[in-house]
2 protein chains.
Amino acid sequence: MDTENIIKLSQAVCAALTDEDDGLKRDILAHTGNRWSLGVIHILGIAGQLRHAEIARRLKGVTQRMLTHTLRHLERDGLIERYDYQEKLPRVEYALTAQGQELLVNMFPLWTWILDHAETFRAARAKFDDAGKAI
Amino acid sequence: MDTENIIKLSQAVCAALTDEDDGLKRDILAHTGNRWSLGVIHILGIAGQLRHAEIARRLKGVTQRMLTHTLRHLERDGLIERYDYQEKLPRVEYALTAQGQELLVNMFPLWTWILDHAETFRAARAKFDDAGKAI
DNA sequence: CAGTATCCTTGCGGATACTG
DNA sequence: CAGTATCCGCAAGGATACTG
């Protein structure tokens, strides 16, 4: 897409976007910014339904505490569902809800765009930091 | 979109997504989750180019400190550009870069989807909290 | 006007130990 | 196995005062 079109498109987009529900919007988007949520959603999107320990195994570096915490938050926002089988040795599985799947689908353009421009971002940061403005 | 299709689509999406660059991806997405970034981007998308004080006026509740901080971070990631006119009474203006405009465009589906489902999210939370699971 | 400089509170993310 | 319960360091976010 050329620059001309991006400018026009972004202006059209801005006009269409509203600032209502600013809190909620950020709350939902916060899932995409914090440490483990996106990984969980991605993994569940691929595997379908997994137990706590299975997710922990596939998510390198996550602690039990943070995984539980992340799962609770995703569950609270209706993005995943928790299935407790009430067995004596606990078995609990998690899966994306329809909402969670829609989040993934709607996040696709943004996600791929970021990955496609990884080098650009790194270059921008390097330039900024080299200019002595590092934060 | 019906449920059948969402499931298929989300699986296709998951397959297409990669987990590379997890840190960078989250760093960029963090802009969408934190308190003021999205507001700044939206305002600049509409207004084109604005001074520090102008942004502060339109962004209800932001403090000078946090606005400066937010602007630095957005600048570091190449999403906005800073124009310092070097005048005796300081005049500095900010505008979206091409990258920043692309971010907006690529975030459009996600943003509108969240706003369209605001009620669903609120209902999910209420149900969760009422079940006594509140975090 | 556009920032720094301080100080403060809150919550994130993590390490470790324990329980039904 | 799937969590709680603590304790901890650190950064986000904020209030207020000051500066070139």
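Below, chain A is the first sequence line, B the second, and so on; all start at residue 1. Everything quoted here is computed from the prediction, not taken from an experiment.
Residues of residues 41-59 of chain A that place a heavy atom closer than 4.0 Å to DNA chain C do not occur.
Between the CZ atom of B:R72 and the P atom of D:dA12 there is a distance of 15 Å, given to the nearest Å.
Residues meeting the ring-ring contact (aromatic ring centres under 6.0 Å, His included) test with A:F128, sequence neighbours left out: none. Listed by chain and residue number, A:E87, A:E93 satisfy the salt bridge (charged side-chain N to carboxylate O under 4.0 Å, His left out) test with A:R91 (two or more places apart in sequence, or in another chain). Scored by the salt bridge (charged side-chain N to carboxylate O under 4.0 Å, His left out) test, A:E119 finds A:R122 as partners (sequence neighbours excluded). For B:R82, the salt bridge (charged side-chain N to carboxylate O under 4.0 Å, His left out) test picks out B:D84, with sequence neighbours left out. Checked against ring-ring contact (aromatic ring centres under 6.0 Å, His included), A:F108 has no partners two or more places apart in sequence or in another chain. By the ring-ring contact (aromatic ring centres under 6.0 Å, His included) test, A:H69 is found to be paired with A:H73, residues two or more places apart in sequence or in another chain being considered. Remark: B:K133 pairs with A:E75 by the salt bridge (charged side-chain N to carboxylate O under 4.0 Å, His left out) rule, at least two apart or across chains. The side-chain contact (heavy atoms from CB on, under 4.5 Å) test applied to B:N34 returns B:S37, not counting sequence neighbours.
Helical stems in DNA chain C, defined as runs of 3 or more consecutive Watson-Crick or G-U wobble pairs with donor-acceptor distances under 3.5 Å: C:1-20 with D:1-20.
Mapped onto DNA chain C by nearest heavy atom, A:H73 and B:L71 fall at different nucleotides, with B:L71 at the one closer to the 5' end.
Between C:dG3 and B:R91, no contact under 4.0 Å exists linking OP1 or OP2 to a side-chain N or O. A sub-4.0 Å separation between OP1 or OP2 of C:dC12 and a side-chain N or O of B:R26 is absent.
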Which letters describe nucleotides 13-20 of chain C, given B = protein heavy atom under 4.0 Å from base, S = only from sugar-phosphate, - = neither?
BBB----B
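Residue B:Y94 is classed as a sugar-phosphate contact, given heavy-atom separations below 4.0 Å to backbone atoms only.
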Can you give me the N/O atom pairs linking the protein to nucleotides 9-11 of chain C at distances under 3.5 Å, or say none if there are none?
none

